[in-house]
S.K.: 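I'd like to ask some things about the structure below.
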Amino acid sequence: MSFQVVAGDRELRLNISGWTAALTLRKEIKIPYTSIEEIRVGKFPFPWTAAIKRTGITTSGYKAGIFMIKDEKYFLAYHNQNEVVMLQLKGCEFDHVVFESSNYKQLVHEMRKNCPSINISQNEEEENEI
């Protein structure tokens with residue numbers, strides 16, 4: 001996957017390259033920490049019947065692009081639906097951003113360090129690990 005997440009001091013930056021950039025028509029997404037209402041980690045089952053693709057790709061093994069799901073705008077970029085970070089946003093281009101992260105614990109730690117007021121929700125078995 002041509003996707004990199006960088007946790008800066010004031011914002012989260014998603015760097016997109018390769019086919020993912022071409023298919024999503026995006027090279028970068030900047031998300032100020034103040035725009036993040038909630039972070040969830042875990043599983044994101046793709047809603048095949050509710051999702052309307054704007055740009056991107058959907059296969060059984062890869063989801064990337066911009067989608068409308070229940071009247072909300074999503075940016076998705078993941079292979080493994082069981083290892084994703086889901087951001088609920090306010091005042092941004094997207095209502096939700098969902099992306100895969102093999103090191104989500106470190107990423108969530110960095111985000112919490114830079115913005116302690118972010119609400120974090122996770123699966124019960126992961127609760128003590130983050």
Side-chain angles (χ1 to χ4, degrees):
M1 179 167 32
S2 304
F3 189 79
Q4 179 188 23
V5 182
V6 179
D9 292 339
R10 295 188 177 145
E11 67 187 10
L12 190 68
R13 193 173 66 243
L14 312 178
N15 296 323
I16 309 161
S17 60
W19 280 106
T20 303
L23 294 170
T24 63
L25 305 176
R26 295 273 195 268
K27 289 186 177 184
E28 181 179 73
I29 297 174
K30 293 181 180 179
I31 303 169
Y33 291 126
T34 55
S35 299
I36 301 173
E37 290 187 318
E38 181 180 65
I39 301 171
R40 290 188 306 132
V41 296
K43 185 175 183 174
F44 181 79
F46 186 76
W48 288 99
T49 58
I52 300 169
K53 180 173 46 174
R54 299 292 180 166
T55 63
I57 185 170
T58 53
T59 68
S60 61
Y62 186 52
K63 314 290 182 288
I66 299 167
F67 298 83
M68 293 300 294
I69 302 171
K70 297 182 182 177
D71 295 326
E72 293 187 311
K73 194 173 182 181
Y74 282 71
F75 179 85
L76 307 177
Y78 65 89
H79 285 282
N80 184 348
Q81 71 177 4
N82 297 314
E83 294 183 3
V84 296
V85 175
M86 298 160 272
L87 305 178
Q88 182 178 335
L89 308 174
K90 65 177 178 187
C92 287
E93 177 184 2
F94 302 103
D95 298 305
H96 302 271
V97 173
V98 180
F99 57 90
E100 185 174 350
S101 176
S102 60
N103 195 7
Y104 68 86
K105 292 175 190 175
Q106 178 63 31
L107 177 61
V108 170
H109 174 74
E110 286 295 317
M111 293 169 67
R112 180 180 264 169
K113 182 178 81 174
N114 291 316
C115 189
S117 63
I118 294 175
N119 182 24
I120 299 174
S121 175
Q122 63 268 342
N123 296 335
E124 287 182 26
E125 63 269 9
E126 296 169 350
E127 196 168 288
N128 296 322
E129 296 178 15
I130 296 181

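Please read all numbers here as calculations on a predicted model, not as lab measurements.
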S.K.: Is K27 close to I16 at the side-chain level, that is, under 4.5 Å between some pair of heavy atoms?
M.R.: no

S.K.: Under the 3.5 angstrom rule, does the side chain of E100 hit a backbone N or O of N80 as a donor-acceptor pair?
M.R.: yes

S.K.: Would you find a donor on one side and an acceptor on the other, under 3.5 Å apart, between the side chain of N114 and the backbone of G8?
M.R.: yes

S.K.: Measure up the H96 and Y74 rings against each other and bin them: parallel (under 30°), tilted (30 to 60°), perpendicular (over 60°).
M.R.: parallel

S.K.: When rounded to the nearest 0.5 angstrom, what distance separates CD in Q88 from CD1 in I118?
M.R.: 12.0 Å

S.K.: Side chain to side chain donor-acceptor pair (under 3.5 Å) between Y62 and T20: does it pass, once the steps are laid out?
M.R.: CA-CA 10 Å; Y62 186 52; T20 303; 2.5 Å; yes

S.K.: What's the spacing between K90 NZ and E38 CD if we round to 0.5 Å?
M.R.: 12.5 Å

S.K.: Rounded to the nearest 0.5 Å, how far does CZ of F75 lie from CG of L14?
M.R.: 7.0 Å

S.K.: Passes side-chain contact (heavy atoms from CB on, under 4.5 Å), F94 versus I31? Steps please.
M.R.: CA-CA 10 Å; F94 302 103; I31 303 169; over 6 Å; no

S.K.: According to a 4.5 Å side-chain heavy-atom criterion applied to Ile, Leu, Val, Met, Phe, Trp and Tyr, with indirect links allowed, do W48 and Y78 form part of one hydrophobic cluster?
M.R.: yes

S.K.: Before we go on, tell me: are the rings of F46 and F67 under 6.0 Å apart, centre to centre?
M.R.: yes

S.K.: Please report the C-alpha distance between V6 and L12 in whole Å, then the side-chain angles of each, then the deciding distance to 0.1 Å, and finally whether the side-chain contact (heavy atoms from CB on, under 4.5 Å) criterion is met.
M.R.: CA-CA 6 Å; V6 179; L12 190 68; over 6 Å; no

S.K.: In Å, rounded to the nearest 0.5 Å, how long is the span from NZ of K113 to CD of E110?
M.R.: 4.0 Å

S.K.: More than 12 non-hydrogen atoms from neighbouring residues, nucleotides or ligands closer than 6.0 Å to CG on N119, yes or no?
M.R.: yes

S.K.: Hey, any chance V5 and I120 share a hydrophobic cluster, counting ILVMFWY side chains that come within less than 4.5 Å of each other, even indirectly?
M.R.: yes

S.K.: Set out, in order, the CA-CA distance, both residues' side-chain angles and the distance that settles side-chain contact (heavy atoms from CB on, under 4.5 Å) for F99 and L76, then state yes or no.
M.R.: CA-CA 6 Å; F99 57 90; L76 307 177; over 6 Å; no

S.K.: CE/M111 to CD1/I39 distance, rounded to the nearest 0.5 angstrom?
M.R.: 3.5 Å

S.K.: Would you say that K53 contacts T55 through its side chain, given a criterion of any heavy-atom pair below 4.5 Å between the two side chains?
M.R.: no

S.K.: Kindly determine whether E28 and K30 satisfy side-chain contact (heavy atoms from CB on, under 4.5 Å), including the steps that lead there.
M.R.: CA-CA 7 Å; E28 181 179 73; K30 293 181 180 179; 3.0 Å; yes

S.K.: How long is the span from the OH atom in Y33 to the CD atom in E11, to the nearest 0.5 Å?
M.R.: 8.0 Å

S.K.: Has the side chain of D95 got a donor or acceptor atom that lies under 3.5 Å from a matching backbone atom of K73?
M.R.: yes

S.K.: Is any side-chain heavy atom of V84 closer than 4.5 Å to a side-chain heavy atom of V41?
M.R.: no

